[in-house]
Asks: 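Sharing a structure with you now.
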Amino acid sequence: MSAQPELTRQQLDPVGTLDGRPLIIGFSVLALGYALFTTVRSLDHIANPLLAALAISALAFACAIALIETSPQRAPFTSGAHLSVHLLALTAAGLSHASQAGSNDFIQDDWAAISLGILLFALGPYRPVDELAALGTTSAILIGFLTVTRLPELSDALPPITYLLASMLGLLALTYASAAYNGWMLRALERWRNWNVNTSDLRIDAVAGGISRAVHRDRVSILEGEVLPFFHDLLERADVTEADRARAGAISTAIRTVMVAEADRSWLDELMGTFGRTRTITLDDSRGLASAMESNQRTALRALLVALHDEEHLVSGELRIGSDADTRVNSVAMRVTLTEQAARAALRPYFAVMRIVFPDFRVKPSRSALIIRFSYGHR
């Protein structure tokens, strides 16, 4: 089976997460802007401008990683990328503390914890709640440790615990706010998904009888069109000839062929059968391997194929499904010929969802075509 998806909003609702893309851009700009504003405002507290510049640079790299790795083209956002954001932000905190050594009696100008907290709030939809809380708490403790190392140089007008709490509480508050909000959203998504599954089951039960009747009518129509006229002719003549035997065999073979073909048709065959002939998408799945896909994978691929079929700029496409005996993985290769860049841009939301349900999804663009590859099944 494919890898179990992580319990994140991006995994459960990849399309909905796309709508939040402007938020992470805005929060990243806010985190970096807050650091720049605080640094400029407190220039008289900076003993080493070079270290202060390096601190801003480290935070800028953390923001860049957050922006790049949460892009739909690189979904899903991984734990490694999340950890990199924390490590760079902690590096920025250390450099910022060092840049103010011996020149700042208070810590009101330390921006690293707040900037990291803003980033964590933005990254909430992309990582599990427990990971958000764990890394956020760990980072807050490490920033608190940096504050402890500076206690001898801080003013004694306030108790040491005050400085320690002031350095940590902003990050902790934003961390747990992000975890709480996204935890609530995840529970809401799971409730909706469970309701949808239950509703689908009821709908299936409601239409099952109708489907059975429709199938029965199809079989009866076959009998009425071929078998019953043949039997009627035999009854009228009251004798059986070699020609009758040959005709009976031909009818039997034809009916059996149709029924076997219908039984072997996969969901992908059914989908291809609904497409028109104006734009061609050719399917090559003689072994019926498409049936091994999971339901979320089928849904994502179906949406992509429908979008490809409906796209005006689609010239042609081919879909080949094969298997790798060594890894027991079924692989899919698609070649889609597109004539305009705008058509490719229109497919990006579909690619984002495909990257979630097929972890090794890859798109290789060329001058006039897209080569799409992904796999599924046992590893």
Side-chain angles (χ1 to χ4, degrees), residues 24-70 80-124 126-127 131-155 158 160-179:
I24 192 167
I25 295 174
F27 277 121
S28 298
V29 172
L30 177 61
L32 187 58
Y34 175 78
L36 286 169
F37 172 77
T38 305
T39 300
V40 172
R41 188 186 64 177
S42 57
L43 286 176
D44 55 335
H45 293 162
I46 295 177
N48 191 323
L50 176 59
L51 291 179
L54 290 175
I56 295 294
S57 299
L59 179 66
F61 276 115
C63 293
I65 288 177
L67 286 173
I68 294 171
E69 294 299 324
T70 56
H82 187 203
L83 180 60
S84 297
V85 171
H86 279 268
L87 292 177
L88 283 168
L90 290 173
T91 300
L95 291 169
S96 178
H97 276 257
S99 71
Q100 301 177 33
S103 63
N104 188 2
D105 294 337
F106 296 91
I107 61 170
Q108 74 273 17
D109 301 326
D110 294 348
W111 45 260
I114 299 299
S115 292
L116 176 56
I118 293 172
L119 281 179
L120 293 189
F121 196 85
L123 294 176
Y126 300 92
R127 296 306 304 159
E131 182 180 305
L132 291 170
L135 285 182
T137 302
T138 302
S139 294
I141 292 172
L142 292 175
I143 289 177
F145 176 77
L146 289 175
T147 302
V148 170
T149 62
R150 290 180 55 192
L151 286 178
E153 66 187 63
L154 296 177
S155 172
L158 296 173
I161 189 64
T162 302
Y163 295 112
L164 182 62
L165 292 177
S167 67
M168 298 173 60
L169 285 181
L171 176 54
L172 288 174
L174 288 169
T175 294
Y176 293 130
S178 178

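One-based numbering along the sequence shown. Everything numeric in this text was worked out from a predicted model, so none of it was measured.
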Asks: Please check: side-chain N/O of Ser99 versus main-chain N/O of Ser96, any donor-acceptor pairing under 3.5 Å?
Replies: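 At least one qualifying donor-acceptor pair exists.
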
Asks: Less than 4.5 Å apart, side chain to side chain, heavy atoms only: is that true for Ile24 and Tyr126?
Replies: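 In short, these two side chains touch, coming nearer than 4.5 Å.
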
Asks: Output the distance between atom CG (Leu51) and atom CD1 (Ile56), rounded to the nearest 0.5 Å.
Replies: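 Atom-to-atom, Leu51:CG and Ile56:CD1 are 12.0 Å apart.
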
Asks: Please round to the nearest 0.5 Å and tell me the distance separating atom CZ of Phe61 and atom CD1 of Ile68.
Replies: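 Phe61 atom CZ to Ile68 atom CD1 measures 10.0 Å (nearest 0.5 Å).
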
Asks: If you measure from NE2 on His97 to OG1 on Thr147, what distance do you get to the nearest 0.5 Å?
Replies: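 Output value for this atom pair is 4.5 Å.
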
Asks: Any side-chain heavy-atom pair from Leu32 and Ser115 closer than 4.5 angstrom?
Replies: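 Side chain of Leu32 against side chain of Ser115, heavy atoms only: no contact under 4.5 Å found.
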
Asks: Would you name the heavy atoms of Leu171 and Gly136 that are closest together and state the gap between them?
Replies: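 Smallest interatomic distance, heavy atoms only, reads CD2-O, 4.0 Å.
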
Asks: Where do Ala140 and Leu172 come nearest, in terms of heavy atoms and distance?
Replies: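 Of all heavy-atom pairs spanning Ala140 and Leu172, the closest is CB-CD2, 3.5 Å.
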
Asks: On a heavy-atom basis, which atom in Leu116 and which in Ala89 lie closest, and how many Å separate them?
Replies: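 Scanning both residues, the minimum pair turns out to be CD1-CB, 3.5 Å.
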
Asks: Could you go through the side chain to side chain contact (heavy atoms under 4.5 Å, CB included) check for Thr137 and Tyr176 one step at a time?
Replies: CA-CA 9 Å; Thr137 302; Tyr176 293 130; 2.6 Å; yes

Asks: Show the nearest heavy-atom pair for residues Ala133 and Thr175, with the distance to one decimal.
Replies: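 Closest approach of Ala133 to Thr175: CA-CG2, 3.9 Å.
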
Asks: Please answer whether the main-chain N or O of Leu120 pairs with a side-chain N or O of Ser178 as donor and acceptor at a distance below 3.5 Å.
Replies: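 Side chain of Ser178 to backbone of Leu120: a pair is present.
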
Asks: Using the rule given for side chain to side chain contact (heavy atoms under 4.5 Å, CB included), can you reason through Leu59 versus Trp111, listing the C-alpha separation, both sets of side-chain angles and the distance that settles it, and then say yes or no?
Replies: CA-CA 10 Å; Leu59 179 66; Trp111 45 260; 3.7 Å; yes

Asks: Suppose the criterion is salt bridge (Lys or Arg N to Asp or Glu O under 4.0 Å): which pairs have a residue in residues 48-69, not counting sequence neighbours?
Replies: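 As it turns out, the salt bridge (Lys or Arg N to Asp or Glu O under 4.0 Å) pairs with a partner in residues 48-69, which skip direct neighbours, are Glu69-Arg74.
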
Asks: To the nearest 0.5 Å, what is the distance between CG on Leu169 and CG on Leu174?
Replies: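 Output value for this atom pair is 11.0 Å.
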
Asks: Quick one: list whatever passes side chain to side chain donor-acceptor pair (under 3.5 Å) with Ser139, sequence neighbours left out.
Replies: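 Checked Ser139 against side chain to side chain donor-acceptor pair (under 3.5 Å); matches are His86.
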
Asks: Would you name the heavy atoms of Leu132 and Arg127 that are closest together and state the gap between them?
Replies: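 Closest pair (atom of Leu132, atom of Arg127, distance): CD1-O, 3.8 Å.
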
Asks: Search all heavy atoms of Ala58 against all heavy atoms of Thr91 and return the closest pair with its distance.
Replies: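 It is CB-CG2, 4.4 Å.
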
Asks: Give, for atom CZ of Phe37 and atom CG of Leu30, the distance between the pair rounded to the nearest 0.5 Å.
Replies: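 Atom-to-atom, Phe37:CZ and Leu30:CG are 12.0 Å apart.
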
Asks: What distance separates Leu95 CG from Gln100 CD, expressed to the nearest 0.5 Å?
Replies: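 Rounded to the nearest 0.5 Å, the CG-CD separation comes to 11.5 Å.
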
